[in-house]
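All chains are named by letter (A, B, ...) in the order of the sequence lines, taking the proteins before the strands, and each is independently numbered beginning at 1.
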Amino acid sequence: MQENNKQESVSSIDIIREGRINKAQELRDKGINPYPYKFNKTASAKELQEKYKDLKEGEETTDRYSVAGRVIAIRNSGMFIDLMDDSGKIQIFSHKQNIDAEKLKLLKLIDIGDIMGFIGDIRRTPRGELSIKAVDFEVLTKSLKPLPEKFHGLTDVETKYRKRYVDLIINEETRQTFKKRSLIIQKIREFLAQRGYLEVDTPILQTVASGANARPFTTHHNALDMDMTMRIALELYLKRLIVGGVSEKVYEIGKCFRNEGIDTRHNPEFTMIELYQAYADYNDMMELTENMVAYVAKEVLGTTKIKYGENEIDLTPPWDRKTMIGAIEEYTGKDFMSCSNLEEAVKMAETIGVNTAECSSWGQVIDAVFEEKVEPSLIQPVHIIDYPLEISPLAKVHRSNKRLTERFETRVNGWEIANAFSELTDPIDQRQRFEAQALAKANGDEEAMEIDDDFIEALEYGMPPTGGMGMGIDRLVMLLTNSPTIRDVIAFPTMKNKQ
RNA sequence: GCGUCUGUAGCUCAGUAGGUAGAGCACUCCCCUUUUAAGGGAUAGGUCGCGCGUUCGAAUCGCGCCAGACGCACCA
């Protein structure tokens, strides 16, 4: 039977934590701050590994460095420590011959996970490991929590996402992914800077969330007592800047927010790039898109031939171009151009088993058929061009077919990675397109676009002919890092609270 | 939102027709001074995701809930 004075259960994590707090106190008792302010690091692990790659086994130098990083392994009672910094690993060799006896005792207070600085001379051990022969060291941060086990590491995906800092400490692959992500974005900026693009910022908090078909997050500004929404696209503000003419080429890289489901390719907040170029059309945008992606791949991976899962994808320009109608005919044998209205299109779609229940226009049927019958097959990069008018409210009518627009979406690996138009610049036409969207919204289409009156007013001042393109950065990073889910390329993906 | 699967020590995983939980790593102590997942020895560590139920007895069976993965739906 249970005693009244039953013990609180103490988990091993509490015991470990308490032990480490005690070690920190022991350091303080010796006059050592376990959380000091600064360390003079003179070399990174990688620099040393490269500089001394030809140092022979067993060879010693008197080249002195200070290194710093996290202790990730301790062997032989502290005589060997693996120290990891952001560049890589280096072994620390602490022998009693080289370190003051009192100092050496402090090594007992070191745990895996602590941040340490070591000063010593470069040598390569007889077993071939480049090492710092330590003469002195300093505790830079005492850690309180144990790291995951060294061999299997951290594999639990939920923990990887919720505690990305642990994932990054443990998994080299995760570190590589986020380094590559940064490099990809840097190379995009470089590519656009070379072409005279101006990087700008536009509002994230907006009173009208438009420019895409999506449900926004809503919030409230207290001082203004005003409901606001988070942006779902960059489009309409960037076009205002084209109207203003601050630059004929502008772009923005930034977060957008869509209040929708989460899956392997969607996170509620995600990073987009949109760019606009005056006096250009969608043909120019196709060229720019493929050159930009190829440039980034070449710079980051050294090649434009990449592997994603089972697929070999060749990003070398020029990329294939297919009209949307033509692609559908290619894969289904049906020519939807021959349908002159919704009813005929629905009938034709039914003959190939496509559900059109949600479709209320010829264009939407085309979209549904395309998505189901064509999209999954488009592994190699291809620009799908000339989208139906009804589903493209921000694109100019096609110069040679009034039912279509000058719009393309670029598909790679079956995903949409870019969406681009010859931008609609006629304010009267734009208003009518928005009104058609408003009607759809009134009829229950929650994702239909909002009318943005100020944007239309901007167009009334006159926007030059403009080509524009938007691309999901996260998906590009997925492709170039061979990541199976978007959560692998977003450092802190959206997760439900644990209760 | 629907379906399938998953949740056991800090981490990686076992687990018995239902009988009250185990390993390796990490932690603590001892031995060991040229290791590479170092080694040897001895400890300690658990509301078995949460709750309710069935039962003499539940990590195990049932129901509900929470979280996650995948698929579908939604969405570019």
Side-chain angles (χ1 to χ4, degrees), chain A residues 6-20 22-23 57-58 60 71-82 89 91-99 104 107-108 111-113 123-131 133 143-163 166-167 169-170 212-215 232-233 256 258-268 270 272 355 357-358 367 370-371 375 384 387 391 409-411 414-419 445-447 470-472 474-475 484-487 493 495-499:
Chain A
K6 63 179 177 186
Q7 296 280 318
E8 285 265 324
S9 82
V10 181
S11 63
S12 72
I13 188 75
D14 294 329
I15 293 165
I16 290 167
R17 185 164 177 276
E18 198 185 322
R20 291 186 176 205
N22 290 341
K23 287 178 181 171
E57 291 169 3
E60 311 239 344
V71 173
I72 57 164
I74 300 177
R75 292 182 293 279
N76 291 47
S77 313
M79 184 162 53
F80 296 98
I81 285 176
D82 286 343
K89 273 196 315 195
Q91 180 171 269
I92 308 297
F93 174 60
S94 301
H95 198 276
K96 58 186 174 188
Q97 286 174 346
N98 311 307
I99 302 183
L104 200 61
L107 274 186
K108 299 210 114 191
D111 291 297
I112 291 172
R123 67 186 286 258
R124 191 175 290 282
T125 65
R127 305 258 182 134
E129 192 71 41
L130 192 71
S131 305
K133 187 172 76 184
S143 75
L144 303 183
K145 303 270 274 184
L147 289 177
E149 181 237 312
K150 60 194 163 194
F151 190 58
H152 299 92
L154 177 67
T155 60
D156 180 75
V157 289
E158 185 174 352
T159 310
K160 278 163 65 76
Y161 301 148
R162 288 190 192 274
K163 308 217 175 286
V166 180
D167 185 27
I169 291 168
I170 294 296
N213 301 100
R215 279 202 278 176
I232 57 175
C256 292
R258 297 185 184 178
N259 205 340
E260 291 158 359
I262 296 175
D263 62 29
T264 52
R265 292 199 306 263
H266 299 84
N267 195 64
F270 61 102
M272 293 238 316
N355 179 8
E358 304 287 312
D367 204 26
F370 178 81
E371 224 167 85
E375 184 174 59
I384 299 298
Y387 273 60
I391 58 170
E409 288 192 352
T410 303
R411 307 273 160 169
W415 311 337
E416 179 212 332
I417 64 157
N419 183 19
D445 181 354
E446 284 186 314
E447 273 97 21
M471 184 179 289
D474 309 284
R475 287 189 190 171
T485 134
I486 197 168
R487 294 176 216 103
M495 301 288 278
K496 196 159 182 172
N497 276 336
K498 270 196 146 168
Q499 287 173 348

Looking at [atom1] of [X] and [atom2] of [Y], how far apart are the two atoms once the value is rounded to the nearest 0.5 Å?
{"X": "A/Arg215", "Y": "A/Asn259", "atom1": "CZ", "atom2": "CG", "result": "6.5 Å"}
{"X": "A/Thr125", "Y": "A/Phe80", "atom1": "OG1", "atom2": "CZ", "result": "6.5 Å"}
{"X": "A/Met471", "Y": "A/Asn419", "atom1": "CE", "atom2": "CG", "result": "10.5 Å"}
{"X": "A/Asn267", "Y": "A/Met495", "atom1": "CG", "atom2": "CE", "result": "10.0 Å"}
{"X": "A/Thr264", "Y": "A/Arg487", "atom1": "OG1", "atom2": "CZ", "result": "7.0 Å"}
{"X": "A/Asp167", "Y": "A/Arg162", "atom1": "CG", "atom2": "CZ", "result": "14.0 Å"}

Donor-acceptor check, side chain of A/Asn76 to backbone of A/Met79, threshold 3.5 angstrom: yes or no?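 Not confirmed, A/Asn76 side chain does not pair with A/Met79 backbone.
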Donor-acceptor contact below 3.5 Å, side chain A/Arg17 vs main chain A/Leu144: no
Is there a donor and acceptor pair closer than 3.5 Å between the side chain of [X] and the base of [N]?
{"X": "A/Glu149", "N": "B/rG24", "value": "yes"}
{"X": "A/Ser77", "N": "B/rC32", "value": "yes"}
{"X": "A/Ser11", "N": "B/rG45", "value": "no"}

Counting the atoms with a prime plus P, OP1 and OP2 as sugar-phosphate, which does [X] contact under 4.0 Å by heavy atoms, base, sugar-phosphate, or nothing?
{"X": "A/Asp111", "result": "sugar-phosphate"}
{"X": "A/Lys23", "result": "sugar-phosphate"}
{"X": "A/Asp156", "result": "sugar-phosphate"}
{"X": "A/Gly153", "result": "sugar-phosphate"}
{"X": "A/Arg124", "result": "nothing"}
{"X": "A/Thr155", "result": "sugar-phosphate"}
{"X": "A/Asp474", "result": "nothing"}

What integer distance in Å separates [X]:[atom1] from [N]:[atom2]?
{"X": "A/Asn76", "N": "B/rU33", "atom1": "CG", "atom2": "P", "value": "10 Å"}
{"X": "A/Phe93", "N": "B/rA38", "atom1": "CZ", "atom2": "C1'", "value": "14 Å"}
{"X": "A/Lys108", "N": "B/rC32", "atom1": "NZ", "atom2": "P", "value": "11 Å"}
{"X": "A/Glu18", "N": "B/rU28", "atom1": "CD", "atom2": "P", "value": "12 Å"}
{"X": "A/Ile170", "N": "B/rC25", "atom1": "CD1", "atom2": "P", "value": "17 Å"}
{"X": "A/Ile92", "N": "B/rU36", "atom1": "CD1", "atom2": "C1'", "value": "14 Å"}
{"X": "A/Leu147", "N": "B/rA37", "atom1": "CG", "atom2": "P", "value": "18 Å"}
{"X": "A/Lys160", "N": "B/rC11", "atom1": "NZ", "atom2": "P", "value": "14 Å"}

Can you tell me how far [atom1] in [N] sits from the matching atom in [M], rounded to whole Å?
{"N": "B/rG41", "M": "B/rC32", "atom1": "P", "value": "16 Å"}
{"N": "B/rA44", "M": "B/rC29", "atom1": "C1'", "value": "10 Å"}
{"N": "B/rC25", "M": "B/rG19", "atom1": "C1'", "value": "31 Å"}
{"N": "B/rU4", "M": "B/rU20", "atom1": "C1'", "value": "32 Å"}
{"N": "B/rU6", "M": "B/rG62", "atom1": "P", "value": "12 Å"}
{"N": "B/rG18", "M": "B/rU55", "atom1": "C1'", "value": "9 Å"}
{"N": "B/rG51", "M": "B/rC56", "atom1": "C1'", "value": "22 Å"}
{"N": "B/rG49", "M": "B/rG7", "atom1": "C1'", "value": "6 Å"}

Just to verify, which of A/Gln91, A/Glu129, A/Glu60 counts as forming a side-chain hydrogen bond (donor to acceptor under 3.5 Å, both in side chains) with A/Arg123? A/Glu60
Nearest to the [X] side chain among [options], which nucleotide is it?
{"X": "A/Arg162", "options": "B/rU34, B/rA67, B/rG46", "result": "B/rA67"}
{"X": "A/His152", "options": "B/rU12, B/rU34, B/rU33", "result": "B/rU12"}
{"X": "A/Ile112", "options": "B/rA38, B/rG45, B/rC27", "result": "B/rC27"}

Using a 3.5 Å limit for the pairing distances, which stems of at least 3 consecutive Watson-Crick or G-U wobble pairs does RNA chain B take part in? B:1-7 with B:66-72, B:10-13 with B:22-25, B:28-31 with B:39-42, B:49-53 with B:61-65
Nearest-nucleotide comparison on RNA chain B, the residue closer to the 5′ end among A/Gln91 and A/Thr159: A/Thr159
For A/Ala73 and A/Leu154, take the nucleotide of RNA chain B holding the closest heavy atom to each; which residue's nucleotide lies nearer the 5' end?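 Nearer the 5' end of the strand: A/Leu154.
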Using a 4.0 Å heavy-atom cut-off, write out nucleotides 69-75 of chain B from 5' to 3' as B (base contacted by protein), S (sugar-phosphate only) or - (no contact). SSS-BBB
Does B/rA67 have OP1 or OP2 sitting under 4.0 Å from an N or O in the side chain of A/Lys496? yes
Under 4.0 angstrom between A/Lys150 side-chain N/O and B/rA38 OP1 or OP2: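 Result: yes.
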Who passes ring-ring contact (aromatic ring centres under 6.0 Å, His included) against A/Tyr161, sequence neighbours left out? none
So A/Arg475 and A/Arg265, do their side chains get closer than 4.5 Å, heavy atoms only? yes
Would you indicate whether the side-chain heavy atoms of A/Val166 and A/Pro148 approach each other to under 4.5 Å?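 Side chain of A/Pro148 against side chain of A/Val166, heavy atoms only: contact under 4.5 Å found.
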